[in-house]
Amino acid sequence: VVNSDGTNETKLCLGEDPKWLFDGKNILFKEYSNYDNYLEYGVINMDTLEEKTIIDATDFPPYLSPDRTLLAYCIWGGYNALNPTSYVIDTEGNKMGSNWYGMIEGWTPDGRVIYTYEGTDGDRSIYTIDSDWTNKTLLYDNYRNNIIQFSSDGKNIIYTRKDSNTAPINETNIYLSDSDGTNEKLIVSHARLPILSPFDSFIVYENLDNKLTYVKHLATDVTYFFGE
């Protein structure tokens with residue numbers, strides 16, 4: 001850590017990807033793992049330099065809740081071969097409710113976990129759920145092909161999905177909606193792999209008809225072939 005003017009630099013510990021937690025005293029960081037195939041995360045108190053491992057194995061970096069008091073993460077290897085096992089813990093490492101299955105994609109602004117669940121037919125559905133795994137809500141079904149991406153302020157999500165159960169797997173469209181599933185808007189038809197620009201002004205995607213990459217300005221709907 002260092003003062004805002006660059007003075008008083010202090011080494012805390014060995015690690016990567018530091019993030020402040022809710023109290024301004026503790027820092028979440030990625031530890032150097034003892035396992036080749038998993039990530040480990042710990043918390044260090046910047047005053048006492050006391051370290052504690054709170055996640056000893058995860059396949060993906062954890063998602064911090066909007067208020068920075070909870071972490072959601074998932075790991076493969078449970079009883080469900082199609083979906084990882086998911087957990088929510090507090091910053092002490094205590095589990096919130098029981099674990100369940102699904103790929104965690106992040107948090108909604110009001111502190112609900114958003115995740116996808118893959119069925120045996122290969123289709124995925126998008127859900128939100130409270131941090132203790134209660135009050136599950138289905139946002140969309142027939143989701144396919146791409147990880148959900150949040151807008152920079154967390155208020156919107158962009159995703160691909162099929163429009164019917166009978167549509168071929170690769171016939172997807174790109175949608176934008178509020179993070180609670182309302183105000184859905186079709187952005188691009190017959191496309192996949194959407195990526196939002198850092199300030200949410202543009203979307204990059206692949207056109208399924210010609211396999212070419214395009215850039216679309218969301219406010220004006222002006223579309224450019226990548227490279228023009």
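Since we're looking at a predicted model, the values are computed, not measured.
Under the rule for a side chain to side chain contact (heavy atoms under 4.5 Å, CB included), the partners of E50 that lie at least two apart in sequence or sit in another chain are T48. For E51, there are no salt bridge (Lys or Arg N to Asp or Glu O under 4.0 Å) partners, not counting sequence neighbours. For the ring-ring contact (aromatic ring centres under 6.0 Å, His included) test, residues two or more places apart in sequence or in another chain that qualify with Y115 are W100, Y127. Every residue two or more places apart in sequence or in another chain that forms a side chain to side chain contact (heavy atoms under 4.5 Å, CB included) with D221 is listed here: K216. For K185, the side chain to side chain contact (heavy atoms under 4.5 Å, CB included) test picks out I187, with sequence neighbours left out. In this view, D178 and N156, D180, T182, N183 satisfy the side chain to side chain contact (heavy atoms under 4.5 Å, CB included) rule, not counting sequence neighbours.
Between I54 and L71, the closest side-chain pair of non-hydrogen atoms falls below 4.5 Å. Between I126 and I114, the closest side-chain pair of non-hydrogen atoms falls below 4.5 Å. Here the side chains of I129 and T134 are not in contact, with every heavy-atom distance at 4.5 Å or above. Side-chain contact between P109 and S179: present, with at least one pair of heavy atoms (C-beta onward) separated by less than 4.5 Å. Between I104 and Y87, every side-chain heavy-atom pair lies at or beyond the 4.5 Å cut-off. Side chains of D132 and V88 form no contact here, defined as non-hydrogen atoms less than 4.5 Å apart. The closest side-chain heavy-atom distance from I89 to M96 is not below 4.5 Å. Side-chain contact between F60 and C74 is present, with heavy atoms from C-beta onward closer than 4.5 Å.
At a threshold of 4.5 Å between side-chain heavy atoms, the hydrophobic network of Ile, Leu, Val, Met, Phe, Trp and Tyr places F199 and I157 in two separate groups.
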Point to revise | Trace of the side chain to side chain contact (heavy atoms under 4.5 Å, CB included) decision for N173 with V188 | key: CA-CA 6 Å; N173 302 315; V188 185; over 6 Å; no
Practice item. Walk me through it: do Y205 and I195 pass the test side chain to side chain contact (heavy atoms under 4.5 Å, CB included)? Key: CA-CA 6 Å; Y205 64 91; I195 300 174; over 6 Å; no
**Study point:** From CA spacing to verdict: side chain to side chain contact (heavy atoms under 4.5 Å, CB included), D200, L218
**Key:** CA-CA 8 Å; D200 310 323; L218 293 176; 5.5 Å; no
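With salt bridges taken as basic N to acidic carboxylate O contacts below 4.0 Å, none links K30 and D17. Residues R161 and E184 are paired through a salt bridge, judged by an N-O separation under 4.0 Å between the basic side chain and the carboxylate.
Here L70 contributes atom CG and D90 contributes atom CG; the two are 7.0 Å apart, rounded to the nearest 0.5 Å. To the nearest 0.5 angstrom, L193 atom CG is 11.5 Å from N207 atom CG.
Between the side chains of T91 and R68, no donor N or O sits under 3.5 Å from an acceptor N or O. T53 and E40 are not linked by any side-chain donor-acceptor pair at a separation below 3.5 angstrom, with hydrogens and angles left out of the test.
With N45 contributing its side chain and L49 its backbone, the two residues share no donor-acceptor pair below 3.5 Å. At distances below 3.5 Å, at least one donor-acceptor pair connects side-chain atoms of R112 with backbone N or O atoms of T128.
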